[in-house]
Each structure stands twice: as structure tokens, then as C-alpha cells.
Amino acid sequence: MRIIDIRECTVGLEGNVANALVNFRDHTVSLVALLSDQQRDGKPVVGFGFNSIGRFGQSGILRERLIPRLRVARDEELLTADGLSFDPGAFAKISMRNEKPGGHGDRAGAVAALELAAWDLKAKLADEPAYQTIRKYFNLSSNSNSADVYAAGGYYYPDDSLSRLQDELKTYQDMGYEAFKVKVGGAPLSDDMRRIESAIAVAGAGKRLAIDANGRFNMRQAEQMAKEIEALELRWYEEPGDPLDFELNKHITEIYHSAVATGENLFSVIDTKNLIQFGGMRAGKDIFQMDPGLSYGLTEYVGMLGIMEASGFKREQCYPHGGHLINLHVVIGLGLGGCEAYPGVFQPFGGYSSQIEVQEGRILPSDAPGFGLEQKENLYPHLQLLSETVDGKN
Ligand code: MG
């Protein structure tokens, strides 16, 4: 069993939406394909992965550093000890050869795309959905096949209005979502409070609405927002300040009684350790949002869970950033708290395939093998192009 080719391409995201800090119009994603020598229906079995969403493609890192290291690895180095299947952790480890520790930036997403593609491949070779492969590999006993899900949206649009925001949330309600998240920090506080109140009017209660400042606030602004929303008992208050400002995060957890959420911009076990040690996160309450697709893949992510659980936190406190099929399988496979969804935005990677239904705020993956990315109609052409055409042959 071996890898016969590794390919990558950069795909642009569709849409013109913004949070408090960035517009996603120029964002891209690295899509990776691992072609194996194993065949189904006369074609090689291919594993696909990508580096989540909300950042940029990393073609240079993949082409110049990571993929060449995997190409020269011995076949058996990429397999489990029994030689019977691929070992995704080995893909991450080998692609990191000769890299210094620390400085987790775009490299973490590039490695993740490769490592996650190895999980997709491993699950396809076992003819099962990826969440089952993940569960077996990590010896987890949960048999729940659905996850809590909320619709993340409420971005700032070029021609924004409160009625546009309410209509957006109503559309999500019609799709089966019962909890929502909207952006804050991109408008004056009084305007943001009107957005929040309008969103609660649709959601039905503060506990069904989270807000996300995307790290926009300084200490004084973060505190002001915390005081304004205290009585609303929101679902959570996400990234009030810079993701690495653990002092700010700690201060907010001390003055704000509902949940604080953070972690989507922490990319390693050690980053998570620092958050736990210095960020004031409260066991049983606050939300961790590290995203395997941005942080070296699932193997590193499971290390993060290990350090959380050793410190008294529960994996149910994890809602990974990135509402897409890969994280749906990760959430169900690892028994995490739930996942997000971006209905209609961040296409073609965001959201789920049409086979997947949201019912009463819960989501169930389909039984397609792997992450089921092929079932996502607007993503499929990209997968096909990457896996089938190189000099007219596989
Ligand atoms: Mg966020």
C-alpha cells in the first residue's frame, strides 16, 4: 500500500462578507489530494483534505517543503505499525522534518491539509465514514451519530441593515438551525447592541445567540461589551481580544458570567496549554474552538484534547472553528460539544452536502466513505480536476 502522487491546488472562496477585522473576498484554501495505489472501480482511491476556511492557501509551503518530504519517505513510514493501513499522524510528522518548533503560522494549516487528506484516504480504504475511522483509531466508545450545530453568520455586508440580519437568521431557522452566531466589533457599540437585540428577537432567547468579536477589542472595549451583554445571558462571547492576549481573556472570564469562547487562532498543543494556564478558561463553562484544519491536523488536535482533559476540562466544551464536512466528522468521531455551519457562505468549502439534514438543531453526517466531500456538489468539480488530470493520466 503506497501513495503514488500528492497534488495540491489553491481555490478561491466565494462571497463578499466581512467580520470586525477582515473581508473574506480575497481568501483562498489549499486543497490537497493523496492518490493511493489502491483501486476502486478501476480508479485510484484518493484522499482529499483542505486547510479549513478563513485564512489563505499555502501552495508555496506545500510545494517547496512539505510535499517533497513526503515524496522521499519510504512507503512503510506512512503506514501503521502492522503495515495494513495509512497512519495520518506519520504524514504530519514526516512533512515537518527539519522544521523548527514554535512559530505556528500558515505551516500549521499546510500540514493539516495533508494530514486530513490521509484521514479521508484511510476511511475510504475502510469503506466507512471518517467519523467511524476516527472513533476506532482513538478507541472511543461513543455511538452518537449526530452533533449539536449552530448557524454562524451575521457578517457585515456592504449594504447592511437590521432587517437583512433578521431575514438571514430566519432563513437559517427555516433550514432547521436553532442557535446562531453573529459578528460584533465592526460597528459602534450602540449599533452592535441593536444587531444583537434584533438577532435575539429572531432566535427567541439570548442562550440561542453567540457573538464573535474576532479579536477586535482592546481591554476597555472588551470590558464595555461584556457589561452591555451581561444581562442577555448569551450562548457565548467569542474572541473578545487578540487571541494571544491571555491576560485580556482571563480578565473577561473574571468579570463576565456567561461563557467566553476562544481558540480558533491557536494552532498547537503548546498554544492550548498556554491558554489553559494563563487565559482563565473555566471548566464546564467556556468554549474551546481550536480547528484541526488550521493546526497540523487531527493528531495535534487530539493532543490538545489530552491537555484539556488532564486539566479538568471536558471535550464537550469544544466547538471547532470551521463549519464544513471535515469538522463535522471530527466532532462526531471525537464526541465534541458540537460544530458550526456557514450556510451559504465560504463556498465551495463551507457548509454541508445536500444529503445532510439539520433537524431541531442537530446534524447527522451521511454514510459516504471518508469525509464525504465528493457529495458537495460545488466542491466536486475541484476534487475531480485535482485527482484526474495530470498530463492526461492519473
Ligand atoms: Mg470566530
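All figures in this text were calculated on a predicted structure; none of them were measured in a lab. Read the numbers this way: they start at 1 and go in the same order the structure lists the ligands and their atoms.
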Residues which pass side-chain contact (heavy atoms from CB on, under 4.5 Å) with L334, listed by chain and number, not counting sequence neighbours: I134, F138, L140, L298, Y301, V302, L305, R315, V330, L336

2.8 Å shell around the Mg ion (ligand 1), exclusive bound, protein N/O/S atoms: 3

Lys NZ or Arg CZ of R107 over F267 ring: under 6.0 Å, within 45°: no

H324: partners by ring pair (Phe, Tyr, Trp, His ring centres under 6.0 Å), with sequence neighbours left out: F50

Aromatic ring pairing Y172/F180, orientation class (parallel under 30°, perpendicular over 60°, tilted between): parallel

Aromatic plane relationship, F56 with H27 - under 30° parallel, 30 to 60° tilted, over 60° perpendicular: tilted

By side chain to side chain donor-acceptor pair (under 3.5 Å) - contacts of E223 (at least two apart): H251

